[in-house]
Number of protein chains: 2
Amino acid sequence: MNIGEIAKRAGVSRSTVSYALSGKRPVSTATARRINEVIDELGFRPNASARALAEGRTRTLSLVIPPASSRLTDAQLGFVASVVEVAATHDLDVLLSPSGGDHDRSFERIVTGRRVDGVILMEILLDDARVARLEQAGLPFVTIGHVEHPGASWWVDVDYAALIRRCVHHLADLDHRDVVLINRSDELVAAGYGPAVRSSAGFQEAADARGLTAHTVYCADEPAAGLTCFEDIRRRWPEVTAAVTINEAALPGLQQALHRARLDVPRDFSITGVVAGRLAEGFHPPLTAADVPAEEMARLAVDLLVERIADPSATPRNALLEPAVSLRSSTGARRR
Amino acid sequence: MNIGEIAKRAGVSRSTVSYALSGKRPVSTATARRINEVIDELGFRPNASARALAEGRTRTLSLVIPPASSRLTDAQLGFVASVVEVAATHDLDVLLSPSGGDHDRSFERIVTGRRVDGVILMEILLDDARVARLEQAGLPFVTIGHVEHPGASWWVDVDYAALIRRCVHHLADLDHRDVVLINRSDELVAAGYGPAVRSSAGFQEAADARGLTAHTVYCADEPAAGLTCFEDIRRRWPEVTAAVTINEAALPGLQQALHRARLDVPRDFSITGVVAGRLAEGFHPPLTAADVPAEEMARLAVDLLVERIADPSATPRNALLEPAVSLRSSTGARRR
DNA sequence: TTGTATGCGTTATCAC
DNA sequence: GTGATAACGCATACAA
């Protein structure tokens, strides 16, 4: 069934049906009613491909996610769900595309096949080839995270450096002198993953400012790694009394390590960092941490992208979020 | 840039370019080479909308997910990522569509707009309107979970009843006499959510068979609910020594409640159930549980769907998975 | 082995 | 206020 069928049954031309649907041209109330009756009766909806072809836009966004092999963290997953949700409020569909590994086939298909009107790029590196690719293709896009020299570009990010600094200051205020940063994997840092790199910088900076002794460990995104990492820390720097982390996936392992070492949090050891709110609350005891504002980031990203699509020559905008550190129960004064 | 442009530059007709691309008609090596040169030089890729319109298929699947408001569980999220991954191996893109709440706008758009070649429907209810809708629309689909009377349909599911029975027998073997099922929310059960309903049935069945006293609590999908649920259990039935659960999201809260009650697992209390492997391993101590095989389900679902799309009249197939219960450290003999 | 012509279902530009 | 009709870019049946 197509628009011609509707036209025939309503006794009008195809263009009239089209205009009745889009409202881009006045249609007499009588014919509009007749057309709508037929449409309702037959349950007609315009063919999306035909419409996209004629209109030059697909009413679809692409969300580029890290490959499934590198399992998504809780914050990332919340973000994906929220993006879909927000896009739906704009009547936009979202096409998922795993990328970052080898199969950038999917990414290429989307970029060159004009499959979407715009792209949201998750987990970008400080120097990311896909950014250049999108620019070259002239496809509107917004990145989650920002490249090293963002210049005039569209992005939304969390200010990891600032948040981690705040965490360190908080620990310093509680009289901790030896602290450790549980970062994400060293491969990620080596690849130039912004949050990891900027957290490192912020950590060092604040530690220096407060005269703390600062150590860093790199930890794979999985519980088991969290366990061994923490044991490593205890072995190498037994004097450390507090940890800052951005590694959500390692949290369960950390929890386990703490338990094994018979360390009470926060009496014997303090923990803080940047973590999805749900995870922070799930920790025992609930984590004093900056909650990654996944929903807000999603809303901002989609809104920015919609804006950029509507006006490709608009001046670039961005948002650097600095959510509050929620005081819960995982940090306390250093025990003498 | 379009196929005509390529044809002109290569000095051939448009159809020849098209055939060179699809390989559906032999093309002399000489012209093929010339065409490919031009294509590479200009970085040409056929317009997906035009191709979809002409070909009558979109090379896109839809994955219908629960609305973000009802936060996805770990197992669900692993499933989403895997579906995208597997679809990519078939050169298929995946369109995400939240549904189940009110905004079935997205769902309707996809179904009637011929936006996709097939649909994977997650989290279906025992009696699900969307199933009927898809059947009526004549759109190939595979469901995750099966309706009450599946008849001849395409689906993949986990045999919750059987797995929960196995868990109960395991507990009975360990001499537990009073057990509780920590189910998902009562709304979900009331709505007719298969895994919740079937787990209940299996639980009751096995408990009866072994002469155990069985209780059930319904628990919202969040850590806080897990905490209060467990305290509730302790208050109402202090004699209970073991729990079976399918509620992943409640796990952190459960953990916390156990700790607060100073209950050692498995010495004082045993826990088992059906849980995503990653979560089971993150628990402390690691959970003896049936791991939801998200990747395998994803692979099966996509493969079945691809098969059904290729041959809509093929005889329906389905898969009822019964993953092994991994013995870890959270169950032990009842303490006398 | 290659070219021509038509159709896919809309939108939008004319014309009336 | 409404109708023809030409794009949109590709696939394919039909010719040669």
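First the proteins, then the strands, lettered A, B, ... as listed; each starts at 1. All values below come from the heavy atoms of this structure, side chains included, with hydrogens, waters and symmetry mates left out.
A:G113 comes within 4.0 angstrom of no nucleic acid atom, judged by non-hydrogen atoms across all strands.
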Subject >> Working for side-chain contact (heavy atoms from CB on, under 4.5 Å), residues B:M1 and B:I6 >> reply: CA-CA 8 Å; B:M1 175 205 341; B:I6 306 294; 4.2 Å; yes
**OP:** Output, in order, the C-alpha distance, side-chain angles, deciding distance and verdict of side chain to side chain donor-acceptor pair (under 3.5 Å) for A:S99 and A:S97.
**Re:** CA-CA 6 Å; A:S99 148; A:S97 165; 5.9 Å; no
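Within 6.0 Å of CG on B:D127 lie no more than 12 heavy atoms contributed by other residues, nucleotides or ligands.
At distances below 3.5 Å, at least one donor-acceptor pair connects side-chain atoms of B:D117 with backbone N or O atoms of B:R59. In terms of modelled atom types and a separation under 3.5 Å, the side chain of B:S82 and the main chain of B:G78 share a donor-acceptor contact. Between the side chain of B:R34 and the backbone N or O of B:A10, at least one donor-acceptor pair lies under 3.5 Å.
At whole-Å resolution of the value, OH in B:Y19 and P in C:dT4 are 14 Å apart. Between A:N47 atom CG and C:dT11 atom C1' the separation is 13 Å, expressed in whole Å. The nearest whole Å value for the distance from the CZ atom in A:R51 to the C1' atom in C:dC8 is 16 Å. Nucleotide C:dG9 holds its P atom 17 Å from the CZ atom of A:R45, rounded to whole Å. Atom CD in B:E55 sits roughly 14 Å away from atom P in C:dG9 (whole-Å rounding). Atom CD1 of B:I3 and atom P of C:dG3 are 13 Å apart (whole Å). One atom, CG of B:L53, and another, P of C:dT10, lie 9 Å apart when rounded to the nearest Å.
Partners of A:V306 according to the side chain to side chain contact (heavy atoms under 4.5 Å, CB included) rule, which considers only residues two or more places apart in sequence or in another chain, are A:H90, A:L92, A:V302.
With 3.5 Å as the limit, one finds no donor-acceptor pair spanning the side chains of B:D104 and B:S106.
Each of B:S49 and B:S15 lies near DNA chain D, and the nucleotide nearest B:S49 is the one positioned closer to the 5' end. Residues B:V12 and B:A54 each lie close to DNA chain C; by heavy-atom proximity, the contact nearer the 5' end of the strand is made by B:V12.
Distance check, rounded to the nearest 0.5 Å: CZ of B:R9 to CD1 of B:I39 gives 12.5 Å.
For C:dG9, one of the phosphate oxygens OP1 or OP2 lies less than 4.0 angstrom from a side-chain nitrogen or oxygen of A:N2.
Heavy-atom contacts of chain B under 4.0 Å fall on DNA chain D between two terminal nucleotides, which in 5' to 3' order are D:dG9 to D:dC14.
In this structure, of C:dT13, C:dT10, C:dT4, it is C:dT4 that holds the atom nearest to the side chain of B:S13.
Proximity of residues 20-30 of chain A to DNA chain D (heavy atom under 4.0 angstrom from any strand atom) is restricted to A:R25, A:P26, A:V27, A:S28.
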